[in-house]
Protein chains: 4
Amino acid sequence: MPARPAVLSIRKAPRQRRSAHTVEAILEAAALVLEADGLEGFNTNAVARRAGASIGTLYQYFPSKDALTLALLQREEGAYREAAAAAAALPDWREALVTFIHVSARQQLERPNLARLLDQEEGRPDIRAALDKGHSFIVLMDGILERAGRSDSKLAAADLLAIIRGMTDAAGERGERDPDNLAHRINAAVLGYLNLLI
Amino acid sequence: MPARPAVLSIRKAPRQRRSAHTVEAILEAAALVLEADGLEGFNTNAVARRAGASIGTLYQYFPSKDALTLALLQREEGAYREAAAAAAALPDWREALVTFIHVSARQQLERPNLARLLDQEEGRPDIRAALDKGHSFIVLMDGILERAGRSDSKLAAADLLAIIRGMTDAAGERGERDPDNLAHRINAAVLGYLNLLI
Amino acid sequence: MPARPAVLSIRKAPRQRRSAHTVEAILEAAALVLEADGLEGFNTNAVARRAGASIGTLYQYFPSKDALTLALLQREEGAYREAAAAAAALPDWREALVTFIHVSARQQLERPNLARLLDQEEGRPDIRAALDKGHSFIVLMDGILERAGRSDSKLAAADLLAIIRGMTDAAGERGERDPDNLAHRINAAVLGYLNLLI
Amino acid sequence: MPARPAVLSIRKAPRQRRSAHTVEAILEAAALVLEADGLEGFNTNAVARRAGASIGTLYQYFPSKDALTLALLQREEGAYREAAAAAAALPDWREALVTFIHVSARQQLERPNLARLLDQEEGRPDIRAALDKGHSFIVLMDGILERAGRSDSKLAAADLLAIIRGMTDAAGERGERDPDNLAHRINAAVLGYLNLLI
DNA sequence: TATGAATGAGTGTTCATTCAT
DNA sequence: AATGAATGAACACTCATTCAT
């Protein structure tokens with residue numbers, strides 16, 4: 001029951017230990033290439049070379065460049081997504097919000113260039129379509145805001161995510177390293193937004 | 001001694017009226033292609049075709065694709081930059097800030113897809129290096145915040161611009177059309193940031 | 001009003017004399033490669049090389065390999081198709097049939113390997129779909145047989161074309177050179193078919 | 001001293017029953033892939049997958065793709081070849097000829113797509129060279145025609161086989177199912193050829 | 001000055017074949 | 001004997017850029 005088109009899912013599940021290692025090496029190589037050379041230098045041959053694998057091996061596991069990008073996206077966001085979901089599930093909505101922001105700041109400053117470029121890739125139509133909409137961050141944020149009793153929760157959720165993403169991207173780009181400080185500043189903007197907007 | 005590498009500056013200043021018209025046609029074609037087909041479809045041959053010019057003509061005015069991108073960036077931001085500078089020059093810093101935000105919201109919703117894609121291009125190292133740092137928006141914002149008596153004006157300016165850019169990009173992408181409403185929401189976040197952060 | 005999908009039609013009509021020459025050179029190179037190396041060696045890079053053109057030039061005129069194949073098919077069959085139509089239009093159906101066969105034999109022995117390989121390509125679904133069904137040879141043959149008063153004209157037309165194609169292909173492959181002799185033998189089979197089958 | 005190059009012969013004669021079964025599974029998988037996906041989809045990995053074997057196993061029995069193709073060709077033609085030889089051995093040459101044709105029609109309509117594609121593969125130089133000339137159908141047909149007292153037996157044999165192959169290929173491609181009817185029509189052409197050509 | 005034909009390095013992708021396990 | 005991971009040459013196709021006309 002493939003939830004997304006076959007061409008974007010991983011081509012074969014690695015059965016041997018060697019395979020799992022190769023897949024991991026390719027994904028990490030993709031991350032490194034993206035960080036080092038940006039979207040411009042992000043091509044499958046470069047990734048394979050960096051992974052110490054052949055181009056054929058890459059394509060045994062990822063049926064297309066988009067599938068590779070998607071897999072990297074999911075790998076990078078996996079832990080983030082879980083932590084964000086856990087934050088959103090906290091009983092007190094204020095605590096949920098603050099924790100969500102903190103988690104976001106920490107994630108972004110981990111590998112800032114990678115996160116920023118993946119954010120960009122996430123905007124591409126093909127990738128977008130393949131992402132699991134049900135679990136996206138906006139749903140989490142919307143849940144928090146509904147519990148806060150906001151009638152404009154959908155719009156506010158979109159705005160708050162835009163603030164978070166905008167500020168974390170910029171901070172990462174500038175080379176900031178302290179997630180606590182960044183989270184503190186995001187909190188100010190977010191709480192201001194919620195308080196001042198009725 | 002040119003302030004930026006020759007290969008990114010416009011190749012020749014159009015002297016005749018016909019030339020000026022051609023340059024303008026190419027720039028507008030670049031904008032249209034970018035809006036219609038995204039970064040994926042943005043190539044010099046497509047731009048020339050859309051402009052009704054030959055590829056050779058395009059290269060007579062723009063020595064490289066990056067130079068074309070840069071020129072478009074500057075054309076699109078020209079009016080915005082002036083309006084933003086005027087806003088920043090208002091005597092009352094609060095009024096300056098609110099006006100700056102309003103100007104930004106209006107600019108972004110004018111041609112949202114174009115603005116968003118150009119924002120992305122602006123992030124590329126080559127383009128970035130060629131942009132005139134002296135006149136960038138951060139200087140304007142920093143000026144406003146200094147007059148507001150903030151000691152952290154540099155960092156706050158960066159944060160506020162990130163908020164503005166993040167929210168306007170997302171709003172444009174969602175298809176919002178009303179700059180007043182958008183500006184209102186941005187104000188809340190920005191003022192909250194300034195009030196809550198001592 | 002493109003009767004067939006754009007991706008299979010020629011990409012641009014050559015405007016300058018140089019272009020027309022290039023297109024012709026590429027088509028002839030395609031024919032030569034096909035004759036020399038068969039379908040196995042028929043790739044766009046080889047064709048371009050043989051034409052003394054770059055691969056980019058090839059793709060300026062033919063948007064895909066299939067489009068090139070199709071254009072070659074049409075070039076090779078152009079004169080044949082006209083001659084066959086003229087034959088089929090002869091008042092006496094017997095004369096029409098005999099002339100049709102003669103024309104077919106001559107065409108096939110002209111460049112036998114090329115004709116045979118193009119016959120094969122003609123069978124591929126993509127190519128087939130793009131070919132103009134209205135003018136295909138079976139329609140011509142069907143017309144002749146209807147005038148001969150046959151009630152089974154559709155089936156008979158298919159059979160006779162199969163006989164003609166089968167015999168001409170084999171003759172060409174064996175290196176036969178005399179179209180008159182070949183046509184004579186085809187006539188025997190075809191007339192036998194028509195006489196003996198009621 | 002092998003009659004054909006080692007690389008095209010089967011790699012090892014299957015000694016154990018399991019091996020024989022594997023070889024058969026691979027050959028049938030090759031047939032199925034060819035029928036389902038055509039020459040375009042006919043690749044060794046797909047065949048192995050369909051056979052439920054690994055690619056390594058395939059290469060243990062068939063040293064190359066061509067060897068696999070050749071083996072399939074021989075498997076498919078095995079029964080046909082025997083039946084055709086039996087037909088050709090009938091005392092009355094007319095009966096031999098008619099039976100030969102009937103056998104051919106039946107064979108072709110059995111698995112029409114497979115037969116047609118294998119006919120095509122049979123035309124490739126490499127495959128051709130490896131086929132055992134001594135037992136080919138043309139020898140059988142030549143024998144029949146010699147007994148019919150024809151001096152042009154070699155040429156006539158080639159022509160008649162071309163007629164038979166052309167008509168059966170086309171009939172199979174059109175989806176015909178009745179070998180009797182097809183054989184009847186082929187008879188007409190063949191007898192016409194023999195009668196009319198002195 | 002304008003044109004557009006030509007270029008060719010580069011990119012995504014396939015697939016026959018090998019070989020360590 | 002069987003497996004399947006790995007290889008890399010080969011191919012279709014794109015697009016920024018040049019230059020003869």
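Lettering follows sequence order; numbering is per chain, from 1. Treat the numbers as computed from the prediction; the structure is a model and nothing was measured.
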| Think D:S54 has a side-chain N or O under 4.0 angstrom from the OP1 or OP2 of F:dA2? | no
| Are D:R116 and D:E121 within salt-bridge range, i.e. N to O under 4.0 Å? | no
| field | Side-chain N or O of C:T57 closer than 4.0 Å to phosphate OP1/OP2 of E:dA5 | value | no
| How does each nucleotide of nucleotides 9-14 of chain F score, in 5' to 3' order, for protein heavy atoms under 4.0 Å: base (B), sugar-phosphate only (S), or none (-)? | B-SBBB
| Where are the stems of DNA chain E, defined as at least 3 consecutive Watson-Crick or wobble G-U pairs with both distances under 3.5 Å? | E:2-21 with F:2-21
| Mind checking what makes side chain to side chain donor-acceptor pair (under 3.5 Å) contact with D:N45, not counting sequence neighbours? | none
| E:dC15 P sits how many Å from D:D37 CG, rounded? | 11 Å
| message | With the threshold set at under 4.0 Å for non-hydrogen atoms, list the residues of residues 24-32 of chain D touching DNA chain F in residue-number order. | response | none
| query | OP1 or OP2 of E:dA6 sitting under 4.0 Å from any side-chain N/O of C:Y61? | reply | yes
| remark: Across all chains, not counting sequence neighbours, the salt bridge (Lys or Arg N to Asp or Glu O under 4.0 Å) partners of C:D126 are none
| said: Using the side chain to side chain donor-acceptor pair (under 3.5 Å) criterion, which residues pair with C:E76? Sequence neighbours excluded. | reply: none
| request: Please report the closest heavy-atom contact between C:G123 and C:R128, naming both atoms and the distance. | output: O-NH1, 3.3 Å
| task | Take atom CZ of A:R49 and atom P of F:dT7, then tell me their distance rounded to the nearest Å. | result | 14 Å
| With a 4.0 Å cut-off on heavy atoms, is B:A48 in touch with a base, just the backbone sugar-phosphate, or nothing at all? | nothing
| message | A:E122: which residues meet the side chain to side chain donor-acceptor pair (under 3.5 Å) condition with it, sequence neighbours left out? | response | none
| task | Could you tell me which residues satisfy side-chain contact (heavy atoms from CB on, under 4.5 Å) with B:A30, sequence neighbours excluded, listed by chain and number? | result | B:F42, B:V47, B:L68, B:L72
| task | Tell me whether the OP1 or OP2 atom of E:dA2 has a side-chain N or O from B:Q60 closer than 4.0 Å. | result | yes
| request: Take the protein atom CG of A:L58 and the nucleotide atom P of F:dA5, then report the distance between them rounded to whole Å. | output: 15 Å
| query | Does the side chain of B:L73 reach to within under 4.5 Å of the side chain of B:I127, using non-hydrogen atoms? | reply | yes
| remark: Between B:G41 and B:V33, the two heavy atoms sitting closest are O-CG1, 3.4 Å
| task | Sorted by first residue and then second, give each salt bridge (charged side-chain N to carboxylate O under 4.0 Å, His left out) pair with at least one member in residues 32-50 of chain B; sequence neighbours left out. | result | A:R124-B:E40, B:E35-B:R111
| task | Would you please name every residue forming a side chain to side chain donor-acceptor pair (under 3.5 Å) with A:T57, sequence neighbours left out? | result | A:S54
